[in-house]
Protein chains: 2
Amino acid sequence: MTDDASQASDTSDPVGGPEPAGLADTLAFLVELDRLKLVERRNFLADGSRRENTAEHSWHLGVAAAVLAPFAAEPIDLATAITMALVHDIVEIDAGDTFAYDEHLNADKAAREQAAADRLFAMLPEAMGAQLRALWDSYEAGDTPEARFVMAVDRMAPMVLNTEEGGTAWREAGITRQRVEGRNRRFIDAGVPHLWGLLAQRLDARVAAGDLQSET
Amino acid sequence: MTDDASQASDTSDPVGGPEPAGLADTLAFLVELDRLKLVERRNFLADGSRRENTAEHSWHLGVAAAVLAPFAAEPIDLATAITMALVHDIVEIDAGDTFAYDEHLNADKAAREQAAADRLFAMLPEAMGAQLRALWDSYEAGDTPEARFVMAVDRMAPMVLNTEEGGTAWREAGITRQRVEGRNRRFIDAGVPHLWGLLAQRLDARVAAGDLQSET
């Protein structure tokens, strides 16, 4: 972006002058991020009408982080937790969504996502890029209270939608109630104590309705 | 939700016991919010493949609030700004999206959205409901630095997508470059100084390409 081009518009207003360093790069990053709306996840929306995309999932996580913060296992910084929730999946723009229960795809997920993080966060002005990359690294490592909290919320979200609409994605993949619990419960317990009890009720109701397989 | 039902799951773990007051209501609120993913906005995604929904738009705003915060006109509290961005449009679950340039629909927009806010925020535990309702009221009134900043970001977002994909929604409605500027610039200038210069370049490029009408 050149100053010449911006002079085509009204420059009589002081806020219409040349932009501060980094503003154009920040805008380009936001345009690039629009592609997350095109990444399809495995689970369906609560009404079962279509699969969820990763951008709207990330919005749901951000709101969930805000309203579940009073129930967090450890004291958390809210701005850190919500921002982490909003950016934790942007690497899927390059790496795609990896179904949590797909062990084959999960084998090289980390390498694909690291490369995507390298590219995407570098689009931002250096200080902001480093700050958001640190949040993303922390989420992946699970090494802060915010990371453990957001991980719990991220594990909860598709469980809520699956149990709401009838578990279509689990049924498609032959996932049992035990596998859902085995994969998710420890993360949920670590971030939001007591939440598992409510989720277990939803799982049990789906098993009782014949929508979700149980190994027992 | 009753404690009896939660006893159907494993209660040997201390975090599996009865949930704290408000956790079940918070979960019900999050299920209800899933409907925002079904609300279609007028503008298209950056690649023009389909119209945007309000949930993914709200995610984009939340990220934009985080990365544009260093460019805000006034000091802002980041957690407040991002949370405001994430919830400012949830009233569209009941009230639908109102196209910014539709003066007929905008006439009773406030009343429809107030009723929706009354219903939705009351689903939450009282303290959290009051806190988020206050953010929503503040956004509507534009009476805090965070409200003015989020308003600027909200005005920017569809302009960026429209100018990226070719202005389909503007063309459908016969919106001119002057009308875009007249409706949005003052809000953008008030929240993120210098941003207008970059947006004006994008509008000018669309006018030059013949995608956006100009009255001059």
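The analysis underlying the following values was restricted to heavy atoms, covering all of them including side chains, and did not include hydrogens, waters or symmetry mates. None of these values were measured; they are calculated from a predicted model. Chain letters run A, B, ... following the sequence lines, proteins first, then strands; residues in each count from 1.
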Note to self: Using a 6.0 Å distance limit plus a 45 degree cone around the ring axis, check whether R133(A) lies over the aromatic ring of F121(A).
What the structure shows: no
Check: Is chain B contacted by the side chain of A28(A), its backbone, both, or neither, given a heavy-atom distance below 4.5 Å?
Finding: neither
Margin query: Donor-acceptor pair, distance only, cut-off 3.5 Å: does the side chain of D77(B) make one with the backbone of T80(B)?
Written below: yes
Next item on the list: Side chain from CB out, backbone as N, CA, C, O: work out which of these in V160(A) comes under 4.5 Å of a heavy atom of chain B, or both, or neither.
Entry: side chain
Notebook entry, point to check: Quick one: what part of L33(B) sits under 4.5 Å from any heavy atom of chain A, side chain, backbone, both or neither?
Noted result: both
Notebook entry, point to check: Between V87(A), T54(A), L36(A), which shows the greatest number of heavy-atom pairs under 4.5 Å with chain B?
Noted result: L36(A)
Next item on the list: Check each atom of L124(A) against the heavy atoms of chain B and say whether the ones under 4.5 Å are side chain, backbone, both or neither.
Entry: side chain
Checklist line | A190(B) versus chain A, the contacting section by heavy-atom distance below 4.5 Å | finding: neither
Notebook entry, point to check: Are any of the side-chain heavy atoms of V192(B) and M156(B) separated by less than 4.5 Å?
Noted result: no
Next item on the list: Tell me, out of G62(A), S58(A), A127(A), who's got the most heavy-atom pairs with chain B below 4.5 Å.
Entry: S58(A)
Next item on the list: Using a cut-off of under 4.5 Å on heavy-atom pairs, state which of L78(B), L30(B), D47(B) scores highest against chain A.
Entry: L30(B)
Check: If you measure from CG on D137(B) to OG1 on T144(B), what distance do you get to the nearest 0.5 Å?
Finding: 11.0 Å
Item checked: Heavy-atom proximity to chain B below 4.5 Å, by part of Q131(A) -> neither
Check: What part of S49(A) is in contact with chain B, defined as an atom under 4.5 angstrom from a non-hydrogen atom: side chain, backbone, both or neither?
Finding: side chain
Item checked: Region of L161(A) that comes under 4.5 Å of a non-hydrogen atom in chain B -> side chain
Margin query: For L132(A), which atoms come within 4.5 Å of any heavy atom of chain B: side chain, backbone, both, or neither?
Written below: side chain
Checklist line | N162(A) (side chain) donor-acceptor with P158(A) (main chain) under 3.5 angstrom | finding: yes
Item checked: Most contacts with chain A, counted as non-hydrogen pairs under 4.5 angstrom, among M128(B), R35(B), H60(B) -> H60(B)
Notebook entry, point to check: Does any heavy atom of chain B fall under 4.5 Å from the side chain of L45(A), the backbone, both, or neither of them?
Noted result: both
Check: Which bit of I90(A) is near chain B, if near means a heavy-atom gap under 4.5 Å: side chain, backbone, both or neither?
Finding: side chain
Check: For the side chain of R41(A) and the backbone of E52(A), is there at least one donor-acceptor N/O pair under 3.5 Å apart?
Finding: no
Check: Cation over ring, R42(B) on F99(B), under 6.0 Å and within 45°?
Finding: yes
Check: Can you check whether R183(A)'s main-chain N or O pairs, donor with acceptor, with R155(A)'s side chain at less than 3.5 Å?
Finding: yes
Check: Does R202(B) come within less than 4.0 Å of E164(B), counting only side-chain N to carboxylate O?
Finding: yes
Margin query: Tell me whether W59(B) contacts the main-chain N or O of L86(A) through its side chain, where contact means a donor paired with an acceptor under 3.5 Å.
Written below: yes
